[in-house]
Amino acid sequence: MNFSTLNSNLSDSQLYRVFLIIDHGFRYSTILIHLFFILVLIKSKSMQKRTKLYVNHATIVNCFYTLVMTMYIFFERPNTENQTLNNVLCSISEIWWIFSSYLRMYSIFLIAIYRYFAVFRADIFQKLNSSLIAVICPIITVWLLSVIFPVFFKFVLQTRPSRVFCLDGSTPIFTKTILYFLFNYNLIILLPSIIIVGIYIKIMIKLRTNSKIVSVNYTLNSSKSGNTNSKDSSNYIKEETQNLKKQRRFANQFIFMCISVIASGFVLSIFSLRDIIPNFFVVFFYPRPLLRIYINCSIMIVPFLSIYYHPKRKFFLKKIFFLDDSI
């Protein structure tokens, strides 16, 4: 059955209409929340620090998928009078769907590597932050990979845009459809997720070990009051304690961002099964709006996390709305 016919036959359902309205509301809300985050970023000097660049980048590109999703609220395919232009726009859209998924995950992967250096290789971390070019180069690499992989698999497996929404990975050859799904979603979700989880576990183990060492040193220092070395040691312990708190805050923000991106990535992979599961649009006709709502919830959580973990969040909103540049 043609998808448009199916849509017209079933969209009269009151329940479906409610799901669709909520779905559209979440798409608009997700974009507005990201725009608010950009406003926050412009106004907040502390969020413009070089050490926050990767988190800010991951937060902003997080919305790219929702942008193209929202565009297709208004039409099923580009519908200008020029058919050649329609085909070009549809091909761009085809790449954009999968490109945005790569970019979201690899931006989180980049944060994982960056935090690994911060905890285990302070020398590399400092060198990286000493130059703006050195910090930006990994972001450029992430963008290049996020473009190269979708284009490569498109031409090697000869996929084309789907008839509806110009989705990626459509091909009449079932084997190629399976290969497209396996190659892309192993590179987008499975392999990065395994590495990210491994890095996070190592970071948490290291932070707990450091916390115990600082705690032991504090106990020993408390038993030696009055001498100069003891006071110097006390200052060092205080600095280390503050540093550990900061690292834990980054680690917590990082893990919540990872959960959000990885979980939504797995849900997105369901939509890529449309040419693999028979009668996909019939089977998933009602669940699709709910799945999209979940995806947008996961996407909009990321800017919330970036704002919540702002070190001065108690005074943050007040200063933003009163245009205070001191934050």
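- When all heavy atoms are compared, the tightest approach of Ile111 to Val55 is CD1-CA, 3.8 Å.
- Interatomic distance, CG of Leu268 versus CG of Leu273, reported as 11.5 Å (0.5 Å rounding).
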Self-check item: Intermediate values then yes/no, side-chain contact (heavy atoms from CB on, under 4.5 Å), Tyr54 and Ile139
Solution: CA-CA 8 Å; Tyr54 293 146; Ile139 292 177; 3.5 Å; yes
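- A salt bridge is defined here as a Lys NZ or Arg NE, NH1 or NH2 lying under 4.0 Å from an Asp or Glu carboxylate O, and Lys127 with Asp123 fails to meet this definition.
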Practice problem: Show your reasoning for whether side-chain contact (heavy atoms from CB on, under 4.5 Å) applies to Ile276 and Phe174. | Solution: CA-CA 7 Å; Ile276 299 174; Phe174 186 72; 4.1 Å; yes
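- Across all their heavy atoms, Arg292 and Asp23 have their closest contact at NE-OD2, 2.7 Å.
- Ile277 is not connected to Ile173 by any chain of hydrophobic side-chain contacts under 4.5 Å among Ile, Leu, Val, Met, Phe, Trp and Tyr, and they are in different clusters.
- To the nearest 0.5 Å, atoms CD1 (Ile113) and CD1 (Ile124) are separated by 11.0 Å.
- With 3.5 Å as the limit, one finds no donor-acceptor pair spanning the side chains of Ser260 and Ser298.
- Between the side chain of Asp168 and the backbone N or O of Ile95, no donor-acceptor pair lies under 3.5 Å.
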Quiz item: Under the side-chain contact (heavy atoms from CB on, under 4.5 Å) criterion, do Arg115 and Tyr200 qualify, and how do the steps go?
Solution: CA-CA 9 Å; Arg115 296 314 311 161; Tyr200 176 75; over 6 Å; no
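- Between the side chains of Asn62 and Arg104, at least one donor-acceptor pair of N or O atoms lies under 3.5 Å.
- Between the CZ atom in Phe64 and the OG atom in Ser101 there is a gap of 12.5 Å [rounded to 0.5 Å].
- The line from NE2 of His57 to CD1 of Ile108 is 10.5 Å long, rounded to the nearest 0.5 Å.
- Note that the CD1 atom of Ile195 and the CG atom of Leu190 stand 10.0 Å from one another [nearest 0.5 Å].
- A distance of 10.5 Å separates CD1 of Ile196 from CE of Met257, quoted to the nearest 0.5 Å.
- Using a 4.5 Å cut-off on side-chain heavy atoms (C-beta onward), Lys52 and Ser44 make no contact.
- A 4.5 Å side-chain heavy-atom check between Tyr185 and Ile98 finds at least one atom pair inside the cut-off.
- Exactly one of Ile21, Ile22, Leu20 qualifies for a side-chain contact (heavy atoms from CB on, under 4.5 Å) with Val18. That residue is Ile22.
- Annotation for Leu132: atom CG counts as buried by contact number, over 12 foreign heavy atoms lying within 6.0 Å.
- For the pair Tyr106/Leu187, a side-chain contact is recorded, criterion being any heavy-atom separation below 4.5 Å from C-beta on.
- Using a 4.5 Å heavy-atom cutoff, the side chains of His34 and Ile38 are not in contact.
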Show me the donor-acceptor pairs, under 3.5 Å and distance only, between side chains in residues 146-158 and residues at least two apart or in other chains.
{"unit_1": "Ser146", "atom_1": "OG", "unit_2": "Leu103", "atom_2": "N", "d": "3.4"}
{"unit_1": "Ser146", "atom_1": "OG", "unit_2": "Val142", "atom_2": "O", "d": "2.7"}
{"unit_1": "Lys154", "atom_1": "NZ", "unit_2": "Glu94", "atom_2": "OE1", "d": "2.8"}
{"unit_1": "Lys154", "atom_1": "NZ", "unit_2": "Glu94", "atom_2": "OE2", "d": "3.3"}
{"unit_1": "Lys154", "atom_1": "NZ", "unit_2": "Thr159", "atom_2": "O", "d": "3.1"}
{"unit_1": "Gln158", "atom_1": "OE1", "unit_2": "Lys176", "atom_2": "NZ", "d": "2.8"}

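- Arg50 contributes no side-chain N or O that, together with a main-chain N or O of Leu128, makes up a donor-acceptor pair within less than 3.5 Å.
- Between Asp275 and Tyr180, the side chains place no donor N or O within less than 3.5 Å of an acceptor N or O (distance only, hydrogens not considered).
- Here the closest heavy-atom approach between residue Ile299 and residue Cys63 is recorded as CG2-CA, 4.3 Å.
- Remark: side-chain polar atoms of Ser107 are not paired, donor with acceptor, to backbone N or O of Ala58 under 3.5 angstrom.
- Checked against a 6.0 Å centroid threshold, the rings of Phe304 and Tyr308 do not count as neighbours.
- Considering every non-hydrogen atom in both Pro161 and Cys166, the closest pair reads CB-CA, 4.0 Å.
- No donor-acceptor pair closer than 3.5 Å links the side chain of Ser93 to the backbone N or O of Leu89.
- The backbone N or O of Val282 sits nowhere less than 3.5 Å from a side-chain atom of Asn279 that would complete a donor-acceptor pair.
- Residue Phe280 comes nearest to Phe271 through the heavy atom pair CZ-CA, 4.0 Å, listed as atom of the first residue, atom of the second, then distance.
- Relative to the ring axis of Phe120, Lys202 places its NZ or CZ within 45° and under 6.0 Å from the centre.
- There is a side-chain donor-acceptor pair under 3.5 Å between Tyr114 and Asn129.
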Exercise. Could you give me the CA-CA distance, side-chain angles and deciding distance for Asn296 and Tyr65, then say whether side chain to side chain donor-acceptor pair (under 3.5 Å) is met?
Key: CA-CA 9 Å; Asn296 279 305; Tyr65 191 89; over 6 Å; no
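- Note: Tyr286 and Tyr16 have perpendicular aromatic rings, judged against thresholds of 30 and 60 degrees for the angle between ring planes.
- Ring pair Tyr72/Trp97 is parallel by interplanar angle, where below 30° counts as parallel and above 60° as perpendicular.
- Other residues, nucleotides and ligands contribute at most 12 non-hydrogen atoms within 6.0 Å of the CZ atom of Phe256.
- Residues Trp143 and Phe99 bring their aromatic ring centres within 6.0 Å.
- The two atoms that bring Phe181 and Ser269 nearest to each other are CE1-O, 3.5 Å, heavy atoms only.
- Without hydrogens or angle criteria, Arg27 side chain to Met69 main chain gives a donor-acceptor distance under 3.5 Å.
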